[in-house]
Structures are given as structure tokens and as C-alpha cells.
Amino acid sequence: MSHFTDLAHQYIDGEWKPGSGSWDIIDFNPYTGEKLAAITIATVDEVDRAYRAAERAQTAWAETNPYTRRLVFERALRIVEDREEEIAETIVAELGGTRLKAAFELHLAKEFLREAIQLALRPEGRILPSPVDGKENRVYRVPVGVVGVISPFNFPFLLSLKSVAPALALGNAVVLKPHQNTPICGGTLVAKVLEEAGLPAGLLNVVITDIAEIGDALLTHPVPKVISFTGSDKVGRHVATVCAQNFKHAVLELGGNSALIVLDDADVDYAVDAAVFSRFVHQGQVCMAANRILVDRTLEEEFTEKFVAKVKTLRVGDPADPATHIGPLINSQQAEAVSSIVDQTVAAGATALLHGTVDGNLVSPSVLTGLAADAPVLSQEIFGPVALIVPFDGEEEAVRIANDTPYGLSGAVHTGDVERGVRVAKRIHTGMIHINDGTVHDEPIVPFGGEKHSGVGRLNGEAMVESFTTQKWISIQHGRSRFPF
């Protein structure tokens with residue numbers, strides 16, 4: 001994988017260079033343990049250089065005709081299409097994504113690039129009436145300037161592009177910090193694609209670094225006006241606090257604890273398929289994953305039996321093998337954390353219908369039932385292949401249990417009566433919820449985001465314009481104002 005070494009640099013002001021830090025971030029393949037690359041860390045100085053380069057380059061970019069700006073994203077889309085196989089292999093190697101997961105991530109990445117092409121032309125100004133004679137009120141939509149983007153390890157290529165491409169298309173410059181476990185897919189690969197697509201130097205800068213080295217420098221730096229963060233609610237709370245103290249707008253896409261609800265009139269076989277995918281896609285390392293599967297007690301026995309049978313057919317192993325359903329977790333800390341959650345929950349009285357084993361970073365599926373109503377596991381996000389089956393009596397109780405969590409990102413309701421499903425869905429405090437489908441969905445023009453601890457703000461479509469531009473009032477007095485003194 002020679003391209004790992006080629007991309008193992010900081011990318012600042014159009015130049016590929018090592019960081020000036022005194023230590024390296026080591027990029028490992030989570031399945032084989034093979035060292036993919038060593039990247040010398042960026043310091044506070046590089047963060048400053050990146051933001052200053054962005055600030056310098058942004059002025060001319062904002063004045064560039066949006067029809068010209070969009071050409072960059074048209075070319076980027078072609079590059080991703082041409083290199084799809086190579087990018088897929090990079091996703092498999094760097095984050096242990098299965099072939100299916102890599103294809104899913106790339107499919108969405110291309111859809112979001114297509115939308116970025118459109119977004120360049122989306123901002124519209126307005127002329128508003130005035131109570132003052134002769135006054136013309138113009139409201140302009142202008143880029144915010146510089147956007148800081150912090151992306152996670154689970155869908156790094158997609159979730160970096162998802163903020164980076166719209167922010168750039170709308171006339172901003174960007175500094176991107178990928179997760180230290182996925183510096184290539186989430187960082188320098190994105191920069192390479194856009195560089196080859198003709199994005200002028202300085203508009204996108206990638207700093208590969210760690211909080212241990214730079215502290216809050218990415219957030220407190222005076223240049224960025226907006227920070228787009230995707231990650232855990234714990235870190236999200238910190239990002240929000242620091243942004244507020246520094247008068248920056250934070251767009252926060254955080255964790256989830258989604259409920260997939262199976263009502264008594266659901267198609268059980270279909271609900272099982274939806275639930276298995278929604279819980280185990282990408283090893284369960286998905287914020288929208290069906291963390292809790294709520295099943296009407298009248299269907300509990302049938303559903304549970306079929307669910308466990310299907311989970312037993314999932315193949316755990318080498319993500320590069322197309323037959324693998326479940327690859328490794330991102331690192332050993334995650335594997336150990338997930339394993340200990342299962343052990344603690346079983347020790348506290350839950351029944352393990354399947355009790356997963358750990359082999360390196362591979363964690364095989366667990367299916368737990370018989371949980372106490374106040375079991376801690378029910379209110380936390382499990383970033384791993386662990387399914388919780390919770391029975392309920394009637395839809396009132398289903399709604400109460402579904403809402404009994406600090407999170408509110410996604411969800412699903414399975415029922416033979418679509419409008420009944422919608423009535424239940426309206427009562428769930430969540431940003432997104434799907435009737436007769438899985439919980440894991442993302443589309444380019446639909447507002448994506450959560451309620452409660454699952455985040456603040458929305459991404460996609462119009463929400464991108466809202467997040468990455470600001471409004472400016474310019475008035476013109478065509479007559480003469482009368483001043484009282």
C-alpha cells in the first residue's frame with residue numbers, strides 16, 4: 001500500500017510536508033495490525049499556518065464565480081469514480097470496513113459530491129420591504145469565511161467530504177482534522193482528490209494531530225467562524241463550550257442510542273432483516289445503529305428466535321474478504337470496552353442469547369435480553385456488535401422506553417399500518433426516524449442531525465447553506481434620511 005506513505009503528511013497551503021512535532025501518529029490496519037504509515041504530528045504552529053493559509057485563500061475564492069467553483073466538485077466526482085477500487089481498498093485497510101461497507105460509504109460520498117456541485121449555486125439574496133420611504137433592504141448570503149472540520153473514524157471519507165465539500169462549494173476555506181485512527185481516509189485522501197480536481201492551494205488544509213499536542217487550538221483560533229464536529233457527545237459538549245466562549249457557531253453531529261420498534265402488527269421476517277443490518281453494519285460502529293431493539297411482547301419469542309438465527313449466520317473475519325459481514329473494531333481499546341460492557345451486563349443479570357468472543361480487534365456478535373429497566377447499557381451508546389432486545393406491552397410503553405435515553409438521533413418503527421407507524425414516530429424525540437426500514441440512512445438533501453445529546457444543528461441540502469453561510473443586510477437610502485439632530 002505505497003499510497004499510504006505518499007499521503008502520510010500534513011497538507012498546508014498546497015504543500016505536503018511532515019509536521020514539526022516531536023512524535024508520530026502511527027496508522028495501523030486494525031485487522032492485521034500492520035503499520036500502514038507514520039505521520040509526524042502537527043503542532044499549534046501548523047494549526048496556525050493552516051488557518052492563516054485558509055484565511056488568505058478564501059477572499060479570492062469567495063469572489064470566484066460559483067459556476068467556476070462547481071467545476072472542482074465535478075472533477076472530484078470523476079476522480080472518486082475512477083479510483084473507486086483503490087479508495088475502497090484504503091477504507092478496508094485503514095478502518096477495517098468490510099467490502100460492503102466500503103461500497104456503501106463510497107456510494108454516499110459520490111451522492112454528496114453531486115450535491116456539492118449544486119450547492120455552489122444555492123445561496124440566494126433577498127430584497128425586503130422597509131417602513132422607511134426610499135429605503136431598499138438587500139439581504140445577502142455570504143460565506144462565513146473559514147470552517148474547521150473535525151471528522152470521526154467510522155465513515156471518515158464520507159463524513160469529512162460531507163462538511164468539506166459544501167463548505168468549499170459555498171465559498172469558504174477549510175481546515176480539516178481527521179481522527180488519528182483514520183488520517184488518510186478522513187484527511188489526506190480527501191485533500192488529494194480535491195487537489196487533483198484543481199482546488200486552489202490554501203483552500204483546504206489537513207492537520208493530522210492529537211489533543212495531547214495542540215489542546216483546543218483548533219477551536220480557539222481566531223480565524224474559523226464555524227466548527228463542524230462529528231464524534232462523541234462527551235467531546236461534543238467540550239467543543240460546544242469552547243466554541244460558545246469564542247463566539248463561534250458549532251454544528252455538532254454526535255452519538256445515538258436509536259430504538260428500532262417492532263409493533264404487534266409488523267412483518268417479523270422483514271423487521272429481523274432490518275434490525276440485523278441496523279445493528280451490525282460496520283461492526284455496530286455507526287451513530288445511527290439500532291442500539292435497542294424494542295419488540296411487542298406478543299412477537300418477542302418469534303422475533304428473538306429468528307433474530308438470533310440470522311445473527312449466527314454473520315461471518316466475522318477479514319474485511320477484505322467479500323463474504324465477511326463483520327470486520328474488526330477500530331482499535332483494541334474499543335474491542336476491550338465493548339467486551340467488558342457485555343460481561344458487566346450479563347453479570348448484572350441479563351441473558352446472553354449469544355455471547356461474543358474477542359480475537360484481536362475482532363469482536364463477534366452478542367445478543368442480550370432480560371435486561372433490568374434501569375440497566376446502564378440501555379441508556380448508553382455501544383459502538384460495537386451488541387444487540388439488546390427489549391420487550392414492551394403496547395405502543396404507549398414502546399414510546400416511553402424509546403424516549404428513555406439522553407440521545408435522539410435516529411430510529412425506526414415496523415408496523416403493518418404505515419399511518420400508525422407515523423403516529424408513533426411523531427412521539428419519539430429524535431431528529432430522524434424511519435417507518436418499515438432500518439435506522440441507518442443518510443441522503444444529500446434531507447436534514448440530517450439529532451435532538452438532545454445527539455447534536456445541535458443539521459447538515460445536508462438547505463441546512464448546509466444555513467450552516468456555512470451567514471446573512472448580511474445592506475440598505476440603500478434612495479432619498480435622503482431626516483435626522484433629528
Side-chain angles (χ1 to χ4, degrees), residues 51 108 112 144-156 158-167 170 172 174-182 186-187 207 209 211 214-221 223-258 285-289 291 379-381 383 405-411 428-433 439-444 446-470:
Y51 274 133
L108 280 174
F112 278 91
V144 294
V146 176
V147 177
V149 176
I150 302 169
S151 66
F153 66 77
N154 58 344
F155 281 77
L158 169 67
L159 295 178
S160 292
L161 262 180
K162 187 173 162 163
S163 284
V164 167
L170 292 164
N172 302 289
V174 175
V175 173
L176 166 63
K177 185 200 101 58
H179 193 280
Q180 40 282 45
N181 285 133
T182 51
V207 289
T209 188
I211 307 301
I214 61 158
D216 286 333
L218 265 164
L219 308 175
T220 56
H221 196 282
V223 164
K225 299 296 178 280
V226 173
I227 301 289
S228 178
F229 171 83
T230 308
S232 71
D233 55 310
K234 181 168 165 278
V235 180
R237 183 186 297 268
H238 178 73
V239 171
T241 306
V242 176
C243 285
Q245 285 166 342
N246 290 274
F247 300 102
K248 297 179 193 303
H249 180 60
V251 181
L252 305 172
E253 297 293 340
L254 310 177
N257 182 15
S258 302
Q285 300 174 115
V286 182
C287 53
M288 294 172 278
N291 235 41
S379 58
Q380 70 189 93
E381 177 176 43
F383 233 52
T405 171
Y407 299 98
L409 187 59
S410 187
I428 312 291
H429 306 313
T430 184
M432 313 178 282
I433 187 160
T439 59
V440 180
H441 296 281
D442 193 0
E443 295 180 12
V446 180
F448 181 101
E451 298 296 322
K452 300 193 278 188
H453 291 195
S454 287
V456 177
R458 294 291 182 268
L459 290 176
N460 305 357
E462 277 304 315
M464 296 297 198
V465 181
E466 200 59 46
S467 294
F468 300 132
T469 65
T470 188

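Just so it is clear, the structure is predicted and the values come from calculations on it, not from any experiment. Numbers here are sequence positions counted from 1.
- Here CG of L459 is found 9.0 Å from CG of L159. Values are rounded to the nearest 0.5 Å.
- Every residue meeting the ring-ring contact (aromatic ring centres under 6.0 Å, His included) condition with F153, not counting sequence neighbours, appears here in chain and number order: H179, F383.
- A donor-acceptor pair under 3.5 Å is absent between the side-chain atoms of N460 and the main chain of P447, judged by distance alone.
- In terms of heavy atoms, T182 sits closest to P156 at OG1-CB, 3.6 Å.
- For the residue pair V440 and V286, the shortest heavy atom distance occurs at CG1-CG1, 4.0 Å.
- Residue M288 comes nearest to F448 through the heavy atom pair SD-CE1, 3.5 Å, listed as atom of the first residue, atom of the second, then distance.
- In this structure a side-chain-to-backbone donor-acceptor pair under 3.5 Å is missing from D233 to G255.
- Considering CD of E381 and OG1 of T405, their distance stands at 9.5 Å, rounded to 0.5 Å.
- A pairwise comparison of heavy atoms in S467 and R458 identifies OG-O, 3.3 Å as the closest pair.
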Practice task
Please lay out, stage by stage, how K177 and V207 fare under the test side-chain contact (heavy atoms from CB on, under 4.5 Å).
Solution key: CA-CA 5 Å; K177 185 200 101 58; V207 289; 4.2 Å; yes
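- Proximity of H429 to K452: side-chain heavy atoms (C-beta onward) are separated by under 4.5 Å at one or more points.
- Remark: the S151 side chain and the S160 side chain contain an N/O donor-acceptor pair separated by less than 3.5 Å.
- Distance check, rounded to the nearest 0.5 Å: CE of M464 to CZ of F112 gives 6.0 Å.
- A donor-acceptor pair is defined here as one N or O able to donate and one able to accept, closer than 3.5 Å; such a pair exists between the side chain of N172 and the backbone of F468.
- Checking H453 against N257 by side-chain atom types alone, no donor-acceptor pair falls below 3.5 Å.
- In terms of heavy atoms, V144 sits closest to T470 at CG1-N, 4.1 Å.
- Under the 3.5 Å distance criterion, the side-chain polar atoms of Y51 are matched with a main-chain donor or acceptor of L218.
- A167 and V174 get closest at one heavy-atom pair: CB-CG2, 3.8 Å.
- Of the possible polar contacts, none joining the N246 side chain to the H221 backbone as a donor-acceptor pair under 3.5 Å is found.
- We find the OG1-CD1 distance between T220 and I227 to be 9.0 Å, quoted to the nearest 0.5 Å.
- Formation of a donor-acceptor pair under 3.5 Å by the T430 side chain with backbone atoms of S410 is found in this model.
- For the pair T439/L409, no side-chain contact is recorded, criterion being any heavy-atom separation below 4.5 Å from C-beta on.
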Problem - Residue pair F229, H238: steps toward the side-chain contact (heavy atoms from CB on, under 4.5 Å) verdict - result: CA-CA 11 Å; F229 171 83; H238 178 73; over 6 Å; no
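- If you take SG on C243 and NZ on K225, they are separated by 12.0 Å, rounding to the nearest 0.5 Å.
- K162 forms no cation-pi arrangement with F155, by the criterion of a distance under 6.0 Å to the ring centre and an angle within 45° of the ring axis.
- In this structure, CD1 on I150 lies 10.5 Å from OG on S163, to the nearest 0.5 angstrom.
- Looking only at side-chain heavy atoms (C-beta outward), C287 and Y407 stay at 4.5 Å or farther from each other.
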